[in-house]
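Heads up: the structure comes next, in structure tokens.
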Amino acid sequence: MGIVILIVMAAGVAAMLARKLPTAFALVVLAVVIAFAAGAPLTGKESVLDTVLQEGAPALAATMIAVLLGSWLGKLLDETGIAGTLVRKIVEFGGDRPTVVALGVLAVSALVGTVTGSAPAAMLAGIIGIPAMIAVGIPKVTAAGTILMGIAVGIPFELPIWQFFSTALELPVPTVRGFMVKLFPFALIAAVAFVLVESRRRGVEHAWSLKSPTARTRSRREHLGDAPWYALLTPVVPLVLALGLEVAIIPSLLAGVLYALVTTTRPGEMNKRLLRTLYGGFEIAAPPIALFIAIGILLAAVKLPGAVEALEPLVKAVSPQNAVLFVIVFTLLVPLCLYRGPLNVFGLGAGIAGVLIAAGIYPATAVLGLATSYNQVFGVADPTSTQTVWSAQYSGVTPQQVMLRTLPYVWAVALGGFCVTAATYL
């Protein structure tokens, strides 16, 4: 039966790669088929309808709320001009020094990445940052990669990601936070190295195929003006509360929303702006929320007793227990998290993580190390991820070009994460 479930999983990956089904729909179908293959009844205890679908769908509800709040805050950063002001100030400071401008945009991207992820984060930092970098001579691929590497620096401190791994792996938030702090230096060093090496290796290129800032951007700036200096601290507020003061994730994000609103909006306009940006946040958050519903359903399916019993001997046979082999094997498997592959934690990788924990093959903390390390690769180099596609297309290059340029750096980040995991949790 374990072989059948693995074949079903492989078919699910093929359907996602071939784009026959959207990822969220494919995961739900996969979960239902796995549940039936594991011998689950249609209704009742440990069943398809009552356990997999009914209990699985809201399993990541806390993560969905965190994603919505992060999207809401990201929408506020955009509408109030906070994100644009941060980028403009950095560009003005850097002047005609390409490396300084790129490092400044990298820093802003990291700040934005702590608030919200995916394409919204890339847009907030990149709409102004990418034209500015290319205008001073940064190669187009490097400009796109700088935005993505910056977001990856912020990922270890992205509060919705903390909530996701805490809920999905059934770990306390402080445990997730502790590993993320250990992962951060690897992401930071890799990002700075990317900017320094790639901007100099390719030389200065004074070629710009896009309009540098568009008329819409200029008119928006004239309308909004620069955000007050104290409002620019908005991305730091949730981070200080959650990391420094250990406030819970959802209140920390809400505090960021309120801070952005109070520091940029007149009292008479607050109500309209709150509602407008909240509705905009729902629109941004809808795709990841749908994905998290599907992931919860898949996790419920792979944790069924029949599925665990069938998969345990197969997964255990190919899972290295030696710390050195652990690092070597999972480092070599890094490409499997690309193109929505089987180790992508926002796809089938979540199910595999659930099996590893439910079957007792690795402790949950070790699976956390694996999943978060692979996520650093996916978030930058996967040509199918929305932030990679947007950044590449806006820069005038292909996602595959960005993947080839950034992959060595994020592969090194994953290696660092695996080494920490093996040394700490095995």
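Looking at S373 and Q376, their side chains never bring a donor and an acceptor atom within 3.5 Å of each other.
When atom types are taken as modelled, the side chain of E79 and the backbone of L76 share no donor-acceptor pair closer than 3.5 angstrom. D50 places a side-chain N or O within donor-acceptor distance of the main-chain N or O of G44, the cut-off being under 3.5 Å. Counting only distance, with no hydrogens or angles, the side chain of W390 and the backbone of P120 share no donor-acceptor pair below 3.5 Å. Checked by atom type and distance alone, the side chain of S166 pairs as donor or acceptor with a backbone atom of L171 at under 3.5 Å. Side-chain atoms of T85 come within 3.5 Å of backbone N or O of A227 as a donor-acceptor pair. Here the side chain of T424 pairs no donor or acceptor atom with the backbone of T421 at under 3.5 angstrom. A donor-acceptor contact shorter than 3.5 Å is absent between the side chain of T142 and the backbone of I138. A donor-acceptor contact shorter than 3.5 Å links the side chain of T51 to the backbone of E46.
Distance check: I289 CD1 to L60 CG gives 11.5 Å after rounding to the nearest 0.5 Å. Remark: T146 OG1 to L103 CG distance equals 8.0 Å, nearest 0.5 Å. For the atom pair CG of L106 and CD1 of I151, the computed distance is 10.0 Å after rounding to the nearest 0.5 Å. Expressed to the nearest 0.5 Å, how far CG of L370 lies from CG of N375 amounts to 12.5 Å. Here the CG-CE distance, from L338 to M403, works out to 6.5 Å after rounding to the nearest 0.5 Å. The OG1 atom of T23 sits 7.5 Å away from the CG atom of N344 when rounded to the nearest 0.5 Å.
At most 12 heavy atoms of other shown residues, nucleotides or ligands fall within 6.0 angstrom of atom CD in E309. Counting non-hydrogen atoms of other residues, nucleotides and ligands closer than 6.0 Å to CD of Q321 gives a total above 12. In Q400, the CD atom is crowded: over 12 heavy atoms of neighbouring residues, nucleotides or ligands sit closer than 6.0 Å.
Looking at heavy atoms from C-beta onward, L42 lies in side-chain contact with F36 at the 4.5 angstrom threshold. Between V195 and V105 there is no side-chain heavy-atom pair separated by less than 4.5 Å. Between P235 and Y259, every side-chain heavy-atom pair lies at or beyond the 4.5 Å cut-off. Annotation: side chain of D78 is not in contact with side chain of T277 (no heavy-atom distance under 4.5 Å). Residues K140 and I130 have side chains not in contact (no heavy-atom distance under 4.5 Å, counting atoms from C-beta outward). Annotation: side chain of T264 is in contact with side chain of I82 (closest heavy-atom distance under 4.5 Å). Considering only heavy atoms from C-beta on, V413 stays 4.5 Å or farther from V377 through its side chain. V402 is not listed as a side-chain neighbour of P383, based on a closest heavy-atom distance of 4.5 Å or more.
Between F418 and F330, the angle of the ring planes lies from 30° to 60°, which puts this pair in the tilted group. Between F179 and Y425, the ring planes lie tilted relative to each other; the angle falls in the 30° to 60° range. Ring pair F157/F184 is tilted by interplanar angle, where 30° to 60° counts as tilted. Relative orientation of the F346 and F165 rings is tilted, given thresholds of 30° and 60° on the angle between their planes. Taking the six-membered ring where the residue is Trp, F292 and F164 present tilted rings, their angle falling between 30° and 60°.
Between A381 and V410, the shortest heavy-atom distance links the atoms CB-CG2, 4.1 Å. Closest of all the heavy-atom pairs between V380 and M149 is CG1-SD, 3.7 Å. Residue A414 comes nearest to V334 through the heavy atom pair CB-CG2, 4.0 Å, listed as atom of the first residue, atom of the second, then distance. When all heavy atoms of M180 and T372 are compared, the closest pair comes out as CE-CG2, 3.6 Å. For the pair L169 and L368, the tightest heavy-atom approach, listed with the atom from each and the gap, is CD1-CA, 3.5 Å. Looking at every heavy atom in both residues, A62 comes nearest to T167 through CB-OG1, 4.3 Å.
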Q: Mind running side-chain contact (heavy atoms from CB on, under 4.5 Å) on Y394 and I147 for me, showing each step along the way?
A: CA-CA 11 Å; Y394 191 67; I147 295 294; over 6 Å; no

Q: Would you please test E170 and K303 for salt bridge (charged side-chain N to carboxylate O under 4.0 Å, His left out) and show each step?
A: CA-CA 12 Å; E170 298 181 0; K303 290 179 181 179; 3.4 Å; yes

Q: In sequence, state the C-alpha distance, the side-chain angles, and the governing distance for W72 and F282, and then conclude on side-chain contact (heavy atoms from CB on, under 4.5 Å).
A: CA-CA 7 Å; W72 188 9; F282 270 106; over 6 Å; no

Q: Please step through side-chain contact (heavy atoms from CB on, under 4.5 Å) for the pair T80 and R273, ending with a clear verdict.
A: CA-CA 9 Å; T80 58; R273 176 163 280 175; 3.4 Å; yes

(Q) I'd like to know whether V327 forms a side-chain contact (heavy atoms from CB on, under 4.5 Å) with L415, so could you lay out the CA-CA distance, the side-chain angles of the two residues, the decisive distance to 0.1 Å, and finally the verdict. (A) CA-CA 7 Å; V327 172; L415 172 60; 3.6 Å; yes

Q) What do the steps show when you test S391 against Q387 for side chain to side chain donor-acceptor pair (under 3.5 Å), and what is the final call? A) CA-CA 6 Å; S391 299; Q387 63 265 35; over 6 Å; no

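By the 4.0 Å N-to-carboxylate-O rule, R177 lies close enough to E246 to be salt-bridged with it.
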